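To start, the structure under review is shown below, and the notes come after it.
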Amino acid sequence: MAIASPSPSAPTFSASFLSSRFRSTLFPSTSTPKTLFARSHALRPQTRLVAVSSRLNSSKSSGADGFVSPDNGDLNPYEFQHSFSSQHRRQRKGSPVFVTLPIDSLSNSGQMKRQKVMAQSFRALSAAGVEGVVMEVWWGLVEREKPRVYDWQGYLDLILLARRCGLKVRAVMAFHQCGSGPGDPYWIPLPQWVLEEMDKDPDLMYSDRFGRRSTEYLSLGCDMLPVLQGRSPVQAYSDFMRNFRDTFRPFLGVIITGIQVGMGPAGELRYPSCPTQKLAWAWRTRELGEFHCYDKYMLASLNACARKVGMREWGNGGPMGAGNLMQNPQHTEFFKSDGSWNTPYGNFFLEWYSGMLLLHGERLCKEAETIFQGIDVNISGKVAGIHWHYDTQSHPSELTAGYYNTSNRDGYLPITRMFGRYGITLCCTSFEMRDADEKPMNPESSPEGLLRQLILAARICELPLEGENSAASLDDGSFQQVLKMSKFYSDGLQRPSFSFNFTRMDKNLFEYRNWILFTQFVRQMSDAPTFRARLDFGGDMRPPSTSATAKLEAGFAY
């Protein structure tokens, strides 16, 4: 295993299935991952029925630190039994809900942050009937200093905590950058040794026609070239996943039930046509995006393809007349309704551009299938929800992202068919978005139209589906929209396989009104009588006072 070691009036959550030995067992000061593995498998106490409760401003402390109840002793996580038990979860007919952890769950040195708050949060999620958590495993934290030197300690702590709280884990192999730069509070760059190689050879980065380079993700043009100290990017990604498998093998298929393979910026199979931090608002500004095919590796491929079809002049770069980021597509030569996107040249370029992206995705799917072969984990890949020009003929913002999806061509079926060949689950976002909310601001936007197309592609290819929300919307309308779109996928299927990743956990989730709506949503998704954890304000279901809300938020101060 290659690991580099490295008060009573306050709001409390108590869960009596956690023991007084919780902190010393889970976070011992002098334990290596190897000894933690040994200890975790040695704990096999008797299974007990337990009660789960949530209390605010309780006058009776649950334990020495105000949130642990020592009554029940240790609990075997594989035989977790209460009114919403693991057995119940396996038997239910509905769709499980997972919750994505905060981006900064680990420090820059790879250690778990806010351990007490994280434990409170995990117990509350488990009591609410949440199936598990989504854990982004950052390449830039694990292999940050030197190639092939991996530090998994912080992620091991998170997995052990999830196991003790009866939660499953989905691990996202995050091979991308997070945040916009060192001043960003959520800044996680690519590994330092990778950045050093990018300094030596800037063409390892994607580039647009203006020479602007993106550090979000390595250019897929060098996928198979030994540009990372003798390894190719695909080899580096594969070594990372293989070491993850070997390190966490005791948990795979038991606690870790899903692996999402990062395939581009934000983990999505796409080009960095628009900076990820701007994507959340891109439909408001209607950005077209830029084609990112100007690094020397991408240009070499384009030039070779142009020569192959006998049109050398097509191999010098991306389309002319693509306008600028903020331009109306109808005012551009390439994207307008009768523009050059719908000509032999446009078809050539877009086939090549989207084909390179598809090939990149296939390489990673093949590697993941091989690495996790024979292990009972679900492997998924994510497609972006770029919807702000969906109701145009050319779909420009999708084209620049690498999705050759237009009014006369389905650009998502090739991706879902490729996923299907390798048994990959499709993950897509924007499940909470409604056309009625977006069209008054941008008549060309249609998040529902795009999502329906993705869902139908998944159904045609018989793919399991993971849904996500694009923003942390906690209103009832958004939750009802998720339910509506999940039923659009499931209706009529004999064995539908749908799950939902709520993005993401923060202190707002645990605010009184939001928590009530969220736990109701989890119950509706489960489609079965379930236990719903609630914040007990002395039996009074009225909204809490301002001071009580402030105390509650302080207890979950992310």
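Only a predicted model underlies this, so the values are computations on that prediction, with no experimental measurement involved.
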*asked:* Walk me through whether F251 and R163 qualify under side-chain contact (heavy atoms from CB on, under 4.5 Å).
replied: CA-CA 9 Å; F251 299 106; R163 191 186 74 165; 4.2 Å; yes
*I would like to know whether Q177 and W187 meet side-chain contact (heavy atoms from CB on, under 4.5 Å); could you show each step before the answer?*
CA-CA 8 Å; Q177 166 190 296; W187 171 241; 3.3 Å; yes
*Given F248 and F244, is the ring-ring contact (aromatic ring centres under 6.0 Å, His included) satisfied, shown in steps?*
CA-CA 6 Å; F248 295 103; F244 177 88; 4.9 Å; yes
_Walk me through whether L218 and Y297 qualify under side-chain contact (heavy atoms from CB on, under 4.5 Å)._
CA-CA 11 Å; L218 288 170; Y297 302 107; over 6 Å; no
*Please walk me through it: do Y403 and Y412 pass ring-ring contact (aromatic ring centres under 6.0 Å, His included)?*
CA-CA 7 Å; Y403 305 133; Y412 297 106; 5.3 Å; yes
*Run the ring-ring contact (aromatic ring centres under 6.0 Å, His included) check on W139 and Y237 step by step: do they pass?*
CA-CA 9 Å; W139 188 26; Y237 304 147; 5.4 Å; yes
_Evaluate Y404 against F349 for ring-ring contact (aromatic ring centres under 6.0 Å, His included), listing each step before the verdict._
CA-CA 10 Å; Y404 190 2; F349 175 79; 9.6 Å; no
_Stepwise side-chain contact (heavy atoms from CB on, under 4.5 Å) check, V261 with C365_ = CA-CA 8 Å; V261 182; C365 288; over 6 Å; no
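Within 6.0 Å of the CG atom in D201, the count of heavy atoms belonging to other residues, nucleotides or ligands exceeds 12. For K146, the NZ atom is loosely surrounded, since the number of other residues' heavy atoms within 6.0 Å does not exceed 12. Residue-environment remark: CG (D376) stays at or below the threshold of 12 foreign heavy atoms within 6.0 Å.
For the pair L474 and N508, the minimum side-chain heavy-atom distance is below 4.5 Å. Side-chain contact check for M525 versus F479: every heavy-atom pair is 4.5 Å or farther apart. Residues L269 and I415 have side chains in contact (heavy-atom distance under 4.5 Å, counting atoms from C-beta outward).
Using the six-membered ring where Trp is involved, Y150 and W152 have ring planes that are parallel, under 30° apart on the 30 and 60° scheme. Classification of the Y271-Y353 ring pair by plane angle, with boundaries at 30° and 60°, yields parallel.
Put simply, CG on L364 and CD1 on I379 are 11.5 Å apart, with the number rounded to the nearest 0.5 Å.
In this structure S301 satisfies the side-chain hydrogen bond (donor to acceptor under 3.5 Å, both in side chains) test together with W352, sequence neighbours excluded. Residues forming a side-chain contact (heavy atoms from CB on, under 4.5 Å) with K366 (at least two apart in sequence, or on another chain): Y422.
Remark: the backbone N or O of G318 is paired with a side-chain donor or acceptor of Y294 at under 3.5 angstrom. Between the R170 side chain and the M135 main chain, no donor and acceptor come within less than 3.5 Å of each other.
Using a cutoff of 4.0 Å between basic side-chain nitrogens and carboxylate oxygens, D104 and R114 are scored as salt-bridged. Classification of E143 and R231 as a salt-bridged pair holds, one side-chain N sitting under 4.0 Å from a carboxylate O. Salt bridge present: R213 and D203 bring a charged side-chain N and a carboxylate O closer than 4.0 Å. The pair R504-E136 meets the salt-bridge criterion, with a side-chain N (NZ, NE, NH1 or NH2) lying under 4.0 Å from an Asp/Glu carboxylate O. Using a 4.0 Å cut-off between a side-chain N of Lys or Arg and a carboxylate O of Asp or Glu, K382 and E468 qualify as a salt bridge.
Using modelled atom types and a 3.5 Å distance limit, the side chains of Y206 and E216 yield no donor-acceptor pair.
No option in H292, K296, M298 other than M298 meets the side chain to side chain contact (heavy atoms under 4.5 Å, CB included) test with S219. When F502, F500, F510 are each tested for a ring-ring contact (aromatic ring centres under 6.0 Å, His included) with F518, only one passes: F502.
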